[in-house]
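A, B, ... follow the sequence lines: proteins, then strands. Residue 1 opens every chain. All figures in this text were calculated on a predicted structure; none of them were measured in a lab. Side-chain atoms are counted along with the backbone in the values below, which use heavy atoms only and exclude waters and symmetry mates.
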Number of protein chains: 2
Amino acid sequence: MAKSSSKDSPQSIARDVARMILTGVWREGTILPREIELASRFDVSRASIREALSLLKGKGLIASKQKAGTHVRARFDWNMLDEELLNWTLSALPTQEFAKQIMEVRRIVEPEACAICAARGTDEDFARIERAYRGMDAAGMDRVAYAEPDLQFHRGILIATGNDFLIAFGATVAAALRMSFNLSSTNPGAPRKSLPYHRAVLDEIWARNADGARQAMHKLMDLTEQNIVSAMSRQKKKDAENETIRTKRTR
Amino acid sequence: MAKSSSKDSPQSIARDVARMILTGVWREGTILPREIELASRFDVSRASIREALSLLKGKGLIASKQKAGTHVRARFDWNMLDEELLNWTLSALPTQEFAKQIMEVRRIVEPEACAICAARGTDEDFARIERAYRGMDAAGMDRVAYAEPDLQFHRGILIATGNDFLIAFGATVAAALRMSFNLSSTNPGAPRKSLPYHRAVLDEIWARNADGARQAMHKLMDLTEQNIVSAMSRQKKKDAENETIRTKRTR
DNA sequence: AGAATTATTATGTCAGACATATTTTCTCTT
DNA sequence: AAGAGAAAATATGTCTGACATAATAATTCT
């Protein structure tokens with residue numbers, strides 16, 4: 001169990017509990033240990049535990065009833081589009097399934113958002129996106145420096161739509177990019193390859209060409225998904241090799 | 001200020017504070033009153049206030065720093081796709097802008113989700129959707145009875161995609177339908193008119209016709225948006241009339 | 001005037017107590 | 001024996017008061 005060394009903050013406790021739920025250790029409907037039990041397990045006061053649980057209640061992960069205890073809510077009620085929840089999922093089980101799902105949603109949302117951006121965005125919006133593009137360009141082959149402006153690029157498009165719900169979708173994009181970043185270690189050159197595709201998106205936006213912007217973003221999504229899929233299969237292969245080595249060593 | 005009569009639960013306090021933020025009384029960056037101040041204002045202990053604030057932290061609305069106080073986070077960080085946050089927004093400021101934005105997102109997501117559902121859903125998934133459809137049919141002209149299966153219909157399609165992020169989008173759909181329901185009081189027959197459009201969606205799904213399902217859902221979205229827009233303008237007109245009457249009476 | 005030090009203060013955490021709402025158990029009746 | 005109803009048990013909900021901690025504000029010294 002995730003008992004840690006000495007002191008945990010409510011945030012880290014929330015993350016640990018969330019992971020238990022996300023990884024299926026505590027399934028839907030499971031009544032989790034009582035607060036006093038959790039308090040002693042994490043070596044904090046009951047107040048801190050309650051704070052951690054409140055955080056998770058806010059994300060729809062759990063609910064409490066007096067005397068009955070705190071239970072894991074139905075999967076449907078989990079707010080998977082929450083930024084922290086996405087990050088926790090990402091670090092707990094970065095499966096191929098997760099990657100597939102997140103890219104599927106991006107493909108649905110981002111091209112349309114891009115079209116709206118081109119049609120309705122202001123020049124300041126476009127300038128912000130261009131600034132992000134230049135940041136990516138300036139980063140060269142530096143994966144770390146490339147990541148931040150990449151996010152700002154995509155987020156800038158969402159912001160330009162002026163739609164609060166599309167803007168909130170930025171959290172999902174952020175999680176996806178973080179995943180890509182983690183995977184790109186096996187292929188450092190991959191991020192840079194997306195630069196011309198970003199350029200194409202930017203050009204269509206400046207031209208206020210909604211259809212063109214949609215298509216350009218669509219192509220960028222194609223490339224991104226392709227990169228992720230191949231990176232994951234490489235990763236998988238590597239993991240399998242390590243597994244083989246470990247197995248050989250063990251017996 | 002939202003000071004209430006005697007006892008408030010952390011949830012209702014969270015809602016009240018959230019409304020202050022959503023309506024712009026406390027803008028981005030605003031440092032809200034200190035916990036002791038809030039405690040006396042809501043007539044509860046500091047512990048309850050902290051619980052309420054934790055809930056809002058979980059939704060990305062606020063963040064706290066020792067000594068510096070609790071501040072309202074940037075709009076971009078608000079998780080507007082959270083169910084409670086949507087409901088609070090809906091009850092606090094059900095503006096035309098809100099309606100427009102939520103329908104814009106539905107138009108992007110639901111037709112695609114519907115196509116995926118048709119292509120990939122299981123027969124059990126389809127049966128669940130059909131059950132919802134029959135519930136709508138059975139409700140006849142009863143607006144109240146119509147609402148729940150209507151939500152189940154749309155949610156069923158999202159669930160059938162098997163995509164956790166699309167499923168989480170159900171919260172947004174739920175909020176939109178609640179809004180429609182509230183507005184339909186000025187035109188009680190409106191919901192029922194959507195029934196054949198739902199039927200068309202269902203038929204295309206059973207036929208596993210992805211393109212047809214997408215188009216059918218698209219048409220349903222058209223109708224829904226149309227209903228909302230006309231209902232809102234009726235509402236607006238009514239409000240304006242009441243305003244005129246009140247103004248006349250006042251002077 | 002500017003840097004370093006000290007005081008202040010709001011959130012963070014703790015401890016222990018009591019309130020409240022369910023669930024569980026027990027008891028009594030039919 | 002079965003079922004209704006009363007009593008006990010218990011986990012969350014709430015309150016109080018205290019201290020810890022970190023960021024800010026005020027002060028002192030160079």
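In summary, the side chains of B:Thr122 and B:Asp125 do present a donor paired with an acceptor at a separation below 3.5 Å, with no hydrogens or angles considered. A donor atom on one side chain and an acceptor atom on the other are not found under 3.5 Å apart for A:Ser54 and B:Ser54.
Going from atom CZ of B:Arg50 over to atom C1' of D:dC15 covers 15 Å, rounded to whole Å. Rounded to whole Å, atom P of D:dA11 lies 11 Å from atom CD1 of A:Ile31. Going from atom CD1 of A:Ile36 over to atom P of D:dG13 covers 13 Å, rounded to whole Å. Distance, B:Arg34 CZ to C:dT8 C1': 12 Å, rounded to whole Å. For A:Glu35 and D:dT14, the CD to C1' distance is 12 Å, given to the nearest whole Å. When rounded to the nearest whole Å, the span between CZ of B:Phe42 and P of D:dT14 equals 14 Å. Atoms CD1 (B:Ile49) and P (D:dG13) sit 16 Å apart, rounded to a whole Å. Note: CD (B:Glu51) to C1' (D:dG13) measures 8 Å, nearest angstrom.
Residues satisfying the side-chain contact (heavy atoms from CB on, under 4.5 Å) test with B:Ala138, not counting sequence neighbours, are none. By the side-chain hydrogen bond (donor to acceptor under 3.5 Å, both in side chains) test, B:Thr186 is found to be paired with B:Arg234, residues two or more places apart in sequence or in another chain being considered.
Residues from residues 64-77 of chain A placing a heavy atom under 4.0 Å of any atom in DNA chain D, listed by number, are A:Ser64, A:Lys65, A:Gln66, A:Lys67, A:Gly69, A:Thr70.
In this structure, B:Arg155 is not positioned above the aromatic face of A:Phe76 in the sense of NZ or CZ being under 6.0 Å from the six-membered ring centre and within 45° of the axis.
With respect to the salt-bridge test (charged N to carboxylate O, under 4.0 angstrom), the residues A:Glu130 and A:Arg134 qualify.
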From CA spacing to verdict: ring pair (Phe, Tyr, Trp, His ring centres under 6.0 Å), B:Tyr133, B:His198: CA-CA 7 Å; B:Tyr133 172 80; B:His198 282 88; 7.5 Å; no
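Listed nucleotides D:dG13, D:dT14, C:dT13 differ in distance to B:Ser48; the shortest reach to its side chain belongs to D:dT14. When distances run from any side-chain atom of A:Ser9 to the nucleotides D:dT14, C:dT13, C:dT11, the shortest one goes to C:dT13.
One N or O donor and one acceptor, one from the side chain of B:Arg46 and one from the base of C:dG12, sit under 3.5 Å apart.
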